[in-house]
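Everything on this sheet refers to the single structure shown next.
All chains are named by letter (A, B, ...) in the order of the sequence lines, taking the proteins before the strands, and each is independently numbered beginning at 1. What you see is a predicted model, and the numbers here were worked out from it, not measured in a lab.
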Amino acid sequence: MITIASVYFAVIFALAMRSMQLGSYDNMEKNIVGMFNGYIQVQDTAYWKNRSINHSLRYDNSLQHILRSDRNVSGLVPRLESFALASSGELTKGVMVIGIDPGPEDLLTQLAARVNQGNYLTPTDEGVLLGEKLAAYLQLSVNDTLVLIGQGYHGVSAAGKFPVRGLVHYPNPDMSGQMVVMSLSQAQYFLAIEGRVTSIVLDVRDRAMAGETAASLDSGLPPGLTAMDWKTMLPELVQAIESDNASGKIMLGILYMVIGFGILGTVIMMTAERRREMGVMVAVGLQRWKLALITALETLTLALIGVAAGVVTAIPLLEYLHRHPVPATGEMKEMIEEYGMEAVLVFSRDPALYRDQALIVALIALTTLAYPVVSILLLKPIRALRH
Amino acid sequence: MNVIEIQGLEKVYNETVVPVHAIRGIDLSFEAGEFAAIVGPSGSGKTTLLNIMGGLDQPSSGRVMIDQTELGRLSPRQLIRFRLDHIGFVFQSYNLIPVLTARENVEFIMQLQGRPKQERECRTLELLEAVGLGERTDSRPSRLSGGQQQRVAVARALASRPRFVLADEPTANLDSVSTHTLLDIMEKLNLEEQMTFIFSTHDVRVMNKARRVITMEDGKVISDVKRSAD
């Protein structure tokens, strides 16, 4: 019972810890990549280093046909991005202006669901959506008017007045304080750049294949255009995830050691308690190797019961935590927000997580079997009978 | 014909530090069907002699032959098999396997020998009835008194049909009624099955039942008296 309990709790702790780590990386990726960047973008080759609308590209049917021909591409989300000065009354702020195609954009980023005041945009809408923090800063609410002043295509002046259609809740605080979203047609009109976009975000079916898809598309694009996956666009995010994953693995390694010694402790205790019984069995004629095999199978069975019980308990627990992320508080909250992410601890429910952790704990339990097996093989019945 | 022959047996513990001579040059032999007691004060070497005869301990020198087989020449694996087929053990503190019932404890030995199920069941029931526990076959050791546990231990010792049974202080933890019952059972089995019984004991009641009394002191045999059966 003690062995089953030690393995049971070991599995739950290992699963909870790894689930939180993987869930955090996934959340990081979704926050930064899925929320805005997308997993693949097609741009003018000069745009990534010099984000000017002068390095825009023509969004025509032939380009769309090339992009849609890849099996992993499920949708195209065109964007026109620029910077402008936003003003309301005597308040001004530098903002990011993004022109979007409302339908495809919502499919990729679920932007409509984040509009918590007012309405989402229509394809020919003349209004704008503001990040909540930006609206608060400019003291604007729905149906108020925003003034934008900027620079359009090839240096033309861009200025306009836009009614506020809605306020958007972005989990990323930076985005919430900077974003002005308008329909693509309105943005092209405002920036005097008809028919062009600065990037096309590709919605993909299998995000794990984003790198391969980008490389394949890149080779088939017209000259002057490039396809980049999110890892190329956001190397600092990849680095942050990798370094956190490395420290997470060290923590997990420490947990495995604690688990291993916990299980070993119960196995040592079990072996010591049964030493006399084992001595009797060998004295009356049971071969040591048979006794070692029986004990190993018995302990292994107990460990597997513990693993199975642990996984069965962890499934609903992690499912609940996945659906109800734990809000981070204090220093952790500040740290997460510094990365520009929503300060919640999200738990992963990836099936591979259960398989991996169950296997690792089972392997640890299997390793601890060495102790009773060696003890039995070296057992002196005379000493064991005096035990 | 001798079942057991012991020649020039010596056992020294802690040979490299402070040597303790537990057995000092013993020569003994036992015939089939003997009912012998090895007596002597604590530390006289009774238990050590029994352990060496049972192949549970190794002598420092000398040899033990059982049915013409020298125990010292057997590999550890062969020795365990030899014990299983030739020697029955009864220990002072019973040493039954706590998770098994009386029936399973007895049957376990025959299972190790690879005996067929039907034979095992018949022999188990026969032995448990012979020791007066036919009604308690499904009781675990914790449900049995000390005397009953020791009777199960005797049944277990006989289960493999060994050439002889070694019993180390079998009555040390028993009251007088249980002691008499156990001795009567062992004497009956000795006579009926022609099984050799060798005890180490302090108990006068056991000595009185024995037909041969070997007295030890300081690792030596100081007397060896054979008596006729009454």
Side-chain angles (χ1 to χ4, degrees), chain A residues 1-7 263 266-306 365 368-387, chain B residues 11 13 22 47-59 75-100 104-115 141 149 152-153 155-162 165-166 168-169:
Chain A
M1 201 63 198
I2 296 172
T3 308
I4 293 176
S6 67
V7 174
I263 297 173
T266 62
V267 168
I268 289 174
M269 195 170 69
M270 185 186 79
T271 309
E273 275 177 355
R274 299 178 64 187
R275 190 170 293 278
R276 191 188 182 92
E277 184 186 323
M278 291 167 175
V280 175
M281 289 186 182
V282 174
V284 299
L286 179 60
Q287 294 289 354
R288 286 186 181 86
W289 70 267
K290 278 190 185 170
L291 181 57
L293 184 68
I294 292 167
T295 309
L297 287 173
E298 190 181 278
T299 313
L300 191 64
T301 306
L302 295 178
L304 291 178
I305 291 171
T368 63
L369 285 183
Y371 179 80
V373 168
V374 171
S375 297
I376 290 166
L377 294 177
L378 299 175
L379 186 86
K380 303 267 184 223
I382 288 282
R383 283 190 193 164
L385 289 169
R386 286 191 201 122
H387 190 73
Chain B
K11 178 68 184 180
Y13 290 112
T47 300
T48 303
L49 177 60
L50 237 56
N51 286 339
I52 294 173
M53 285 165 69
L56 295 175
D57 205 351
Q58 305 291 321
S75 69
R77 196 176 278 196
Q78 288 171 324
L79 193 58
I80 291 174
R81 182 71 211 190
F82 190 84
R83 281 202 299 265
L84 176 64
D85 292 334
H86 294 81
I87 310 170
F89 289 95
V90 178
F91 303 98
Q92 182 179 334
S93 39
Y94 331 129
N95 285 337
L96 298 175
I97 297 164
V99 293
L100 303 182
E104 288 163 344
N105 262 285
V106 176
E107 206 177 328
F108 172 66
I109 303 293
M110 290 181 279
Q111 237 171 336
L112 294 181
Q113 288 183 307
R115 298 272 172 86
Q149 286 188 54
V152 175
R156 179 179 68 181
L158 296 172
S160 62
R161 300 182 193 275
V165 173
L166 297 174
D168 186 16
E169 306 269 9

State, with a plain yes or no, whether a side-chain heavy atom of A:V284 is found less than 4.5 Å away from one of B:R83.
no
Close side-chain approach of A:I268 to A:Y371, heavy-atom, < 4.5 Å
yes
Less than 4.5 Å to any heavy atom of chain A: does that hold for the side chain of B:I109, its backbone, both, or neither?
side chain
Interatomic spacing from CG in B:N51 to CD1 in A:I382 - rounded to 0.5 Å
3.0 Å
Hey, are the side chains of B:E169 and B:F91 touching, using non-hydrogen atoms and a 4.5 Å cut-off?
no
At a 4.5 Å cut-off on heavy atoms, which part of B:F108 comes close to chain A: side chain, backbone, both, or neither?
side chain
If one checks every heavy atom of A:R274 against chain B at 4.5 Å, the contacting part turns out to be neither
Select one option (side chain, backbone, both, neither) describing which atoms of A:V280 are under 4.5 Å from chain B's heavy atoms.
side chain
Step-by-step side-chain hydrogen bond (donor to acceptor under 3.5 Å, both in side chains) determination, B:S160 to B:R115:
CA-CA 9 Å; B:S160 62; B:R115 298 272 172 86; over 6 Å; no
Note: vs chain A, highest number of non-hydrogen pairs under 4.5 angstrom among B:T47, B:N95, B:L56 is B:N95
